[in-house]
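The block underneath contains the structure these notes are about, expressed in structure tokens.
Just so it is clear: chains get the letters A, B, ... in the order the sequence lines come, proteins before strands, and each one is counted from 1. Source: prediction; values computed, not measured.
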2 protein chains.
Amino acid sequence: MGESAKAVETSTRILDAAELLFVEHGFDATSMRLITQAAGVNIAAVNYYFGSKDGLFKAVFERRAEPFARLFLGHLDQLERQYANPSAKQVVEAFVAAAIELGQEASLGGLIFVRLLARTFVEPHPVLKESMPRRYSELTRRYISALVKSLPHLSEAEVHWRFHFLANAMFNAFAGTNVLRLFMAHPIVNARDPQMVARMLVPFVVAGLDAQAAMPELVDQNS
Amino acid sequence: MGESAKAVETSTRILDAAELLFVEHGFDATSMRLITQAAGVNIAAVNYYFGSKDGLFKAVFERRAEPFARLFLGHLDQLERQYANPSAKQVVEAFVAAAIELGQEASLGGLIFVRLLARTFVEPHPVLKESMPRRYSELTRRYISALVKSLPHLSEAEVHWRFHFLANAMFNAFAGTNVLRLFMAHPIVNARDPQMVARMLVPFVVAGLDAQAAMPELVDQNS
DNA sequence: CTAATTTTCAAACACTCGTTTGAAATATCG
DNA sequence: CGATATTTCAAACGAGTGTTTGAAAATTAG
């Protein structure tokens, strides 16, 4: 069974090209001929290595899932090794530090995969329905429970809501999703500078997490 | 030139069906045959009324633009008539109240158009490049300048950044964009309940706006 | 080196895409 | 009414879609 250097190189080139083009134009607007042409391979290679276009899409996500989760969990592990009860701010900073590191690590695809994730949030593909929760539920659960512990003035349900807002905000922020660029002719903010995004984002979301409860009556008083 | 009841009804049915299907499947994955079938009209009707599929897409946005902007500006106008210097919280509440009203107003398409906007942020279409800023720049400018006035501890640039985060968070929140649903098998939050979204969202983003400046050195001390 | 296996490739497959056509049906107007 | 303009419709257009095929090329194993 072939795992030769040449074969790996071919499937990798396809994955790289596909990842970039899926981000840029979306799944449907990206044709097999465009992908294989960009990768410099024959069009039949996609079906040979990945079975189908759907299979390729799934493979693009599969390749990134494990290193992605490990990177973000690693920062949380390190934090919880240093502090028994990390603050919400520290948890957010761990997440942001992981995002920054991801953006600098070319071997992980940089922020391209974050952009692909951000696209997938509003443009779900049935192929990912099963694999995504399996790959990322631990990551999500760990960050949420860290926040639950650091925000005792909030009910667990409200922490889930805030994590929902926070995750949307942060993924879109690092993906460079720019509402202003669509709404204004000349927006001031440069949404594609990760360092700047991190600097501006942290105080915003930390204050949002620390804010008073919207539904204080639900907080468990016994903990 | 025809503006008969039947003709208007036909083009309206096309717009309604297209709006819904573009939200659900995106521009490329929505075929003309699917749209016209859902609208109960002949396939040639789209080209007859809107020239092309691109023209239809543009028309879907054009129909909503003016009422949408007027609704959100109306709430801000009312606020500024009542208060000379409204707080950031009041500005946010005006925006949220407009979103809630939009969701209840079937004649404005409810929240479907908000979902379409949220999709367009990460999936831009060249056809909208020119028309969107023309339609929404006043709306954006007005809300930003209201926030600039209500947040004197922030530089104008930092207010732009926070509005950038806020707009992303709020549009995606009301659009029901759900990161958790993709990452977890059984998320707790019900992201499609506008009343609940509003209740949980306001304290989060208001605290984020009121937070200390990330770059305090840039604040103009002379104002 | 020979044989078996893996990978590449050009060509063609059936199918769907957005758009156009020209005539039939309907509505408008003098 | 008859004449004119508007709207609907079935059918077809060329182009592009993902996928399959079978043979050629390259690599690996004995």
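Between B:W161 and B:H164, the angle of the ring planes goes over 60°, which puts this pair in the perpendicular group of the 30/60° scheme.
Not one side-chain nitrogen or oxygen of B:Y48 sits closer than 4.0 Å to the OP1 or OP2 atom of D:dT6. Remark: B:Y49 is not in phosphate contact with D:dT6, judged by side-chain N or O atoms under 4.0 Å from OP1 or OP2. The side chain of A:N42 places an N or O atom within less than 4.0 Å of a non-bridging phosphate oxygen (OP1 or OP2) of C:dA10. OP1 or OP2 of C:dT7 has not a single side-chain nitrogen or oxygen of A:T10 nearer than 4.0 Å.
Side-chain atoms of A:R135 never come within 3.5 Å of backbone atoms of A:A65 as a donor-acceptor pair (strictly under, hydrogens ignored).
Checked against a 6.0 Å centroid threshold, the rings of B:F50 and B:F57 do not count as neighbours. A centroid separation of 6.0 Å or more is found between the aromatic rings of A:Y143 and A:F163. The six-membered or imidazole ring of B:H125 lies near that of B:F27, with a centre-to-centre distance under 6.0 Å.
For the pair A:E9 CD and D:dA26 C1', the interatomic distance rounds to 14 Å; values are reported in whole Å. Counting to the nearest Å, the P atom of C:dT7 and the CZ atom of A:R13 are 14 Å from each other.
If you check C:dA10, D:dT8, C:dT21 against the side chain of B:A44, the one that comes closest is C:dT21.
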Anything under 3.5 Å between a protein N or O and an N or O of nucleotides 14-18 of chain D, put it in a table, one pair a line.
from   : atom 1 : to    : atom 2 : distance (Å)
D:dT17 : OP1    : A:S31 : OG     : 3.4
D:dG18 : OP1    : A:M32 : N      : 3.4
D:dG18 : OP1    : A:K53 : NZ     : 2.8
D:dG18 : OP2    : A:M32 : N      : 2.8
D:dG18 : N7     : A:R33 : NH1    : 2.9
D:dG18 : O6     : A:R33 : NH2    : 3.0

Contacts table for residues 112-119 of chain A: side-chain donor-acceptor under 3.5 angstrom, sequence neighbours left out:
from   : atom 1 : to     : atom 2 : distance (Å)
A:R119 : NE     : A:E123 : OE1    : 3.1
A:R119 : NH1    : A:V23  : O      : 2.8
A:R119 : NH1    : A:E24  : O      : 3.4

